[in-house]
Amino acid sequence: MNAMPGRGALDDPQRPHAIVIGAGIGGLAAAIRLGARGWRVSVVERCEQAGGRAAVFRQDGFTFDAGPTIITAPFLLEELWTLAGRRFADDVTLVPIDPFYRIRFDTGSYIDCSADPAFMRAEIQRLAPGDLAGYERFIALTERIYKIGFEQLGHVPFGRWTDMARILPDLVRLSGHRSVYALAARHVRDERIRAALSFHPLLVGGNPFKVSAIYAMILHLERAHGVHFAMGGTGRIVEGMARLIAGQGGSIRLNTNIDRITIADGAATGVALDDGTRISADIVVSNACTAHTYRHLLRDAPRRRWTDRKLKATRYSMGLFVWYFGTDIKFPEVPHHAIIMGPRYRGLLDDIFEHKTLATDMSIYLHRPTATDPSLAPPGCDGFYALAPVPHLGGDIDWATQAESYRQALERRLAETMLPGLAGHVVTSRIMTPADFESRYASTLGAGFGMEPVLTQSAWFRPHNASEELRNLFLVGAGTHPGAGVPGVLSTARVLDGLVPTIMSSAARREVGQHV
Ligand SMILES: Cc1cc2nc3c(=O)[nH]c(=O)nc-3n(C[C@H](O)[C@H](O)[C@H](O)COP(=O)(O)OP(=O)(O)OC[C@H]3O[C@@H](n4cnc5c(N)ncnc54)[C@H](O)[C@@H]3O)c2cc1C
């Protein structure tokens, strides 16, 4: 069993104890916020490293970020470092990526996306001049949506249904009842531009034809705060967060699976590990998949809202097939982030989200971190990952037998689009399928992003940050409010911050004769 011991976790054993289940970015952010409030924090993680989906795979001289690569809203990270009394820039070097990404359409045409209005006008003019005015109206609308959706609603708990009722007029005014695609389609005619303006919900596990147009706020988030890359990879952010926790006196215990949350009198009292060891705590914060938390970790607890039946009827985000590979040649013309659209947009998404069949065509997000940081691969080499959205495990796909043929199809598609001459140059390779997401992260149905962020599973309808089932149990991470993505899960920890009390030192408690 590995541990990253904190400086003074046991300095003050009187301090109230918080256990965080899972060292994903949401769990780490929660630990830092609790540490800053004076709690004695123990993070317990089943994997061999911290980071959750933001793990790092190292092989054959290549460094692969397993998950998030597009870093937006850096102010949310900076805030954590400030809370811990440090400066983010001292630990992590973020570099802006501009243009943000290239979207290559099936016809071979492409659009580069940037925050620069003049650049974007020229791009739209080049591809679909008739859509310029509609594009500009759409972009202006995304700013209004962001101001409500992100700035006002993203950091408040939706613990009461009246919180939801209060936002309904705004939701309707900002077209929140429409899908992101429908909103884009009301503004522009060219299907390529419609796709370029509407694919963003896929970054948080939603179908652009189903999720609320509120998610168009992601376009403004990118434009207002940039798209960044952490030099050395996203893993550097995770390492920095782990150091903050250690510096606060907290600990992260790895390779340790939590079997259940212990309960007494309707309140969480701690956790039990796989080997039967019990660890008591004043509060438990679960960063594990919310459905896993309720269905497995609270399997014996009576549940009013998140019953097995409700969890079965819940819609989960799509699965992800990720191929990490390194080449012994470089592809200098390939940008850091690229999206390679397939021949079908809506049809492919229907196959993935509704029919749950593995289509022969695919859309791919291609990550080439060595475009920005060549140190992530040996000299003269390029490191990549190619990610294709696929159905979650609710379909009938046997990844044990299908994974290699799907990887080969992915390789062929890359070779015929952005990586000509790829064959024969792959020198290292590794894949993750939805089955791996299930076994590695205990993700229900191997979903890439937890519960699907459709309107009926958002805000008040999503599992609450202060559990509806038990006192002293809190939830952070992709499956709770506001949802998935690095900014989303950092925000779940920010919501938690408003729900837990600040702990005074024992000396201060003695002085005022209080107990927490
Ligand atoms: C391939 C990929 C690419 C992505 N790209 C981006 C991107 O570019 N930008 C972006 O913003 N977002 C991106 N995302 C989304 C983002 O990475 C996730 O939404 C976010 O990292 C999830 O964080 P989380 O806090 O919910 O925790 P998770 O990462 O889900 O971590 C939860 C942790 O809990 C642990 N755990 C579960 N059960 C137990 C248990 N019983 N006992 C102990 N530990 C347990 C798991 O092992 C895991 O480590 C991407 C995701 C993926 C998968």
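In each ligand, atom 1 is the first atom listed, and ligand 1 is the first ligand listed.
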>> Taking a cutoff of less than 4.0 Å between a non-hydrogen atom of the residue and any ligand atom, is Thr234 in contact with ligand 1?
In response: no
>> One thing to verify: whether Arg305 and Glu468 come together as a salt bridge, which I'm taking to mean a side-chain N less than 4.0 angstrom from a carboxylate O.
In response: yes
>> Taking side chain to side chain contact (heavy atoms under 4.5 Å, CB included) as the definition, give me every residue that meets it alongside Arg53, ordered by chain and number, with sequence neighbours left out.
In response: Phe437, Tyr441, Ser443
>> So, regarding Phe437 and ligand 1 (criterion: nitrogen or oxygen to nitrogen or oxygen, under 3.5 Å), is there a contact or not?
In response: no
> Do any N/O atoms on Leu297 end up under 3.5 angstrom from N/O atoms on ligand 1?
Replying inline: no
> Looking only at heavy atoms, is any part of Ala66 under 4.0 Å from ligand 1, and if so is it the side chain, the backbone, or both, or is it neither?
Replying inline: backbone
> So is there a nitrogen or oxygen of Gly448 less than 3.5 Å from a nitrogen or oxygen in ligand 1?
Replying inline: no
> Where is the nearest protein heavy atom to atom 47 (O) of ligand 1: which residue, which atom, and how far?
Replying inline: Glu45 OE2, 2.7 Å
> Do you know which of Asp382, Leu422, Leu410 makes side-chain contact (heavy atoms from CB on, under 4.5 Å) with Phe325?
Replying inline: Leu422
> For Arg53 and ligand 1, does the shortest N/O to N/O distance drop below 3.5 Å?
Replying inline: yes
>> Is there a polar contact between ligand 1 and Ile258, counting only N or O atoms under 3.5 Å apart?
In response: yes
Can you give me every donor-acceptor pair (side chain of residues 444-452, partner residue at least two apart or in another chain, under 3.5 Å) with its distance?
from	atom 1	to	atom 2	distance (Å)
Glu452	OE1	Arg315	NE	2.8
Glu452	OE1	Arg315	NH2	3.0

> If you measure from each non-hydrogen atom of Ala478 to ligand 1, which part falls under 4.0 Å: side chain, backbone, both or neither?
Replying inline: both
> Between Val44 and ligand 1, which residue portion shows a heavy-atom distance shorter than 4.0 Å: side chain, backbone, both, or neither?
Replying inline: backbone
> Does Tyr101 have its ring centroid less than 6.0 Å away from the ring centroid of His336?
Replying inline: no
>> Regarding Asp274 and Arg260, does a basic nitrogen lie under 4.0 Å from an acidic carboxylate oxygen?
In response: no
> When the ring planes of Tyr406 and Trp399 are compared, do they come out parallel, tilted or perpendicular, using 30° and 60° as the limits?
Replying inline: perpendicular
>> Quick check on contacts: which atoms of ligand 1 are under 4.0 angstrom from a heavy atom of Ala484?
In response: 19 (O)
> What part of Thr492, side chain, backbone, both or neither, has a heavy atom within less than 4.0 angstrom of ligand 1?
Replying inline: neither
> Is the distance between the ring centroids of Phe57 and Phe62 less than 6.0 Å?
Replying inline: no
>> Show me which atoms of ligand 1 lie under 4.0 Å from any heavy atom of Asn257.
In response: 40 (C), 41 (N), 42 (N)
> What do you reckon, does Cys47 put a non-hydrogen atom under 4.0 Å from ligand 1?
Replying inline: yes
>> Quick test: of every protein heavy atom, which one is nearest to atom 51 (C) of ligand 1, and how far off is it to 0.1 Å?
In response: Phe449 CE2, 3.8 Å
>> Applying a heavy-atom cut-off of 4.0 Å, say which part of Met432 lies close to ligand 1: side chain, backbone, both or neither.
In response: neither
> Can you check whether Ile70 has an N/O within less than 3.5 Å of an N/O in ligand 1?
Replying inline: yes
> Do the ring planes of Trp460 and His464 sit parallel (below 30°), tilted (30 to 60°) or perpendicular (above 60°)?
Replying inline: tilted
> For ligand 1, is there an atom lying under 4.0 Å from some heavy atom of Pro487?
Replying inline: yes
> Just which atoms of ligand 1 are under 4.0 Å from any heavy atom in Gly26?
Replying inline: 25 (O)
> For ligand 1, which atoms, with element, lie under 4.0 Å from some heavy atom of Ala288?
Replying inline: 37 (C), 38 (N)
